[in-house]
There are 2 protein chains.
Amino acid sequence: MSPHEDFQTRRKHLMRTVQDAMDVLNGKWKIAIIASLCCFTKRRFSDILNDVVGISNRMLSKELKELEINQVIKRSVLNTQPVTVHYELTEHGKTLQPLIEGLADWGVIHHKQIVGT
Amino acid sequence: MSPHEDFQTRRKHLMRTVQDAMDVLNGKWKIAIIASLCCFTKRRFSDILNDVVGISNRMLSKELKELEINQVIKRSVLNTQPVTVHYELTEHGKTLQPLIEGLADWGVIHHKQIVGT
DNA sequence: CAGTATCCCCTCCGATACTG
DNA sequence: CAGTATCGGAGGGGATACTG
C-alpha cells in the first residue's frame with residue numbers, strides 16, 4: 001500500500017468513527033449536559049437545568065432521553081414526595097469523561113491563544 | 001472549602017471551559033472538517049467537500065471561514081490556473097488532534113457497546 | 001419537582017444557479 | 001477549482017402554561 005493510500009484509508013476510518021461518536025453527541029446541548037454529570041455523580045433535572053446555561057426544560061428533557069437511549073446516562077426515579085429523579089453517567093458514559101476533560105483543557109488553551117495569555 | 005463546594009467549583013470551571021471549546025466547534029460540521037484535515041496535512045476545498053459526507057459547498061465555505069477566524073485552520077491560495085487553495089491545521093489547530101483521535105476511539109467503543117462487539 | 005403540551009419564530013441548512 | 005448569491009423549507013428551540 002502506498003503512503004498516499006495509507007493516508008486515505010486512515011482518514012476514511014477516522015471520519016467514520018468520529019461520525020459514530022458525533023451521532024451520539026449531536027445538537028447544541030449534549031456535551032454540556034454530560035459535562036454537568038462529570039463531577040459529582042448524581043444530579044437532578046433542575047440541577048442540570050441550572051448547570052447548562054440557556055437550556056430550556058423542553059430541550060433538556062429531549063436531550064436526556066436521547067442520551068439515555070444511547071446508554072450514556074442512567075435515569076432513576078426515587079419515590080419521594082414529590083418525585084425526585086437522579087441522572088448519572090452509566091459505565092459506558094463514563095468513558096466519555098477523558099474526552100470532556102480534554103475538551104475543557106483545550107478550551108483553556110484556546111482562550112489563551114485568542115485572548116493572548 | 002467543603003467537599004461539596006469543591007465539586008461545585010470544579011463543575012462550574014469545567015462547564016465554562018468546555019463551553020469555550022464548543023463555541024469554536026459548534027454546528028453540525030466543524031468536527032468532521034477538522035478530522036478531514038488531521039491526516040495528510042493539506043487538503044483542497046473539493047477534497048474536504050468529498051471527505052465530509054453530506055456537506056454543501058455553501059456550508060463548507062461558511063464553516064471554514066469560522067475556523068480560520070478562530071485560528072484553527074490556515075488557508076493558502078496558490079496562484080495556479082485555475083486557482084488552487086490549500087487548507088491545513090495551524091499549530092494551534094493541531095492541538096485538537098488528540099481530541100479528534102479520542103473521539104474516534106470513543107466512536108469505536110460506542111459502536112461495540114450498542115451493536116454488541 | 002420533573003416533566004408535557006402547545007404555539008410559533010427564526011435560524012440553519014440544502015438545492016440550485018452563477019462567477020472569477 | 002473555489003467559491004458566492006439567492007431562495008425556500010424543516011425543524012431546532014424559546015416562551016408560556018399546564019399536570020401528576
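So you know, we letter chains A, B, ... as the sequences are listed, proteins then strands, and number each from 1.
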Enquirer: Is there a residue in residues 79-89 of chain A whose heavy atoms reach under 4.0 Å of DNA chain C, and which residues are they?
Expert: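 Within residues 79-89 of chain A, the residues near DNA chain C are P82(A), V83(A), T84(A), V85(A), Y87(A).
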
Enquirer: Can you name the nearest heavy-atom pair linking E88(B) to S76(B), along with the distance?
Expert: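 In terms of heavy atoms, the two residues are closest at OE2-OG, 4.1 Å.
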
Enquirer: Side chains of H111(A) and V115(A): does their closest heavy-atom pair fall under 4.5 Å?
Expert: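 Yes, their side chains come closer than 4.5 Å.
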
Enquirer: Side-chain heavy atoms nearer than 4.5 Å, only ILVMFWY residues, links allowed to pass through others: does that put I109(B) and V18(A) together?
Expert: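 The answer is no; the residues belong to distinct hydrophobic clusters.
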
Enquirer: Are any of the side-chain nitrogens in K30(A) or E66(A) under 4.0 Å away from the carboxylate oxygens of its partner?
Expert: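 Yes, this pair counts.
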
Enquirer: If we ignore hydrogens and angles and just use 3.5 Å, is the side chain of T84(B) paired with the main-chain N or O of T80(B) as donor and acceptor?
Expert: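 Checking the backbone N and O of T80(B) against the side chain of T84(B), no donor-acceptor pair under 3.5 Å is found.
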
Enquirer: Please state how far atom NZ in K62(B) lies from atom C1' in dA5(D), giving the value in whole angstrom units.
Expert: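 Whole-Å distance recorded here is 15 Å.
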
Enquirer: Rounded to whole angstrom units, what separation is found between the CH2 atom of W29(A) and the C1' atom of dG12(D)?
Expert: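 Interatomic distance, CH2 of W29(A) to C1' of dG12(D): 11 Å.
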
Enquirer: State whether E68(B) and R75(B) are salt-bridged, where the test is any N-O pair (Lys NZ or Arg NE/NH1/NH2 against Asp/Glu carboxylate O) under 4.0 Å.
Expert: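 No.
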
Enquirer: Between R43(B) and Y87(B), is any side-chain donor less than 3.5 angstrom from a side-chain acceptor?
Expert: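 There is no such pair (donor and acceptor under 3.5 Å, judged by atom type) between the side chains of R43(B) and Y87(B).
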
Enquirer: Check whether the side chains of Q19(B) and D23(B) place a donor and an acceptor atom closer than 3.5 Å, and report yes or no.
Expert: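 Yes, because at least one side-chain N or O of Q19(B) sits under 3.5 Å from a partner of the opposite role on D23(B).
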
Enquirer: My understanding is that a pair needs two contacts under 3.5 Å, Watson-Crick or G-U wobble. By that rule, which nucleotide pairs with dG20(C)?
Expert: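 Base partner found: dC1(D).
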
Enquirer: Going 5' to 3' along DNA chain C, between which two nucleotides do contacts with chain A fall, using a heavy-atom cut-off of 4.0 Å?
Expert: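 On DNA chain C, the outermost contacted nucleotides are dC1(C) to dT6(C).
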
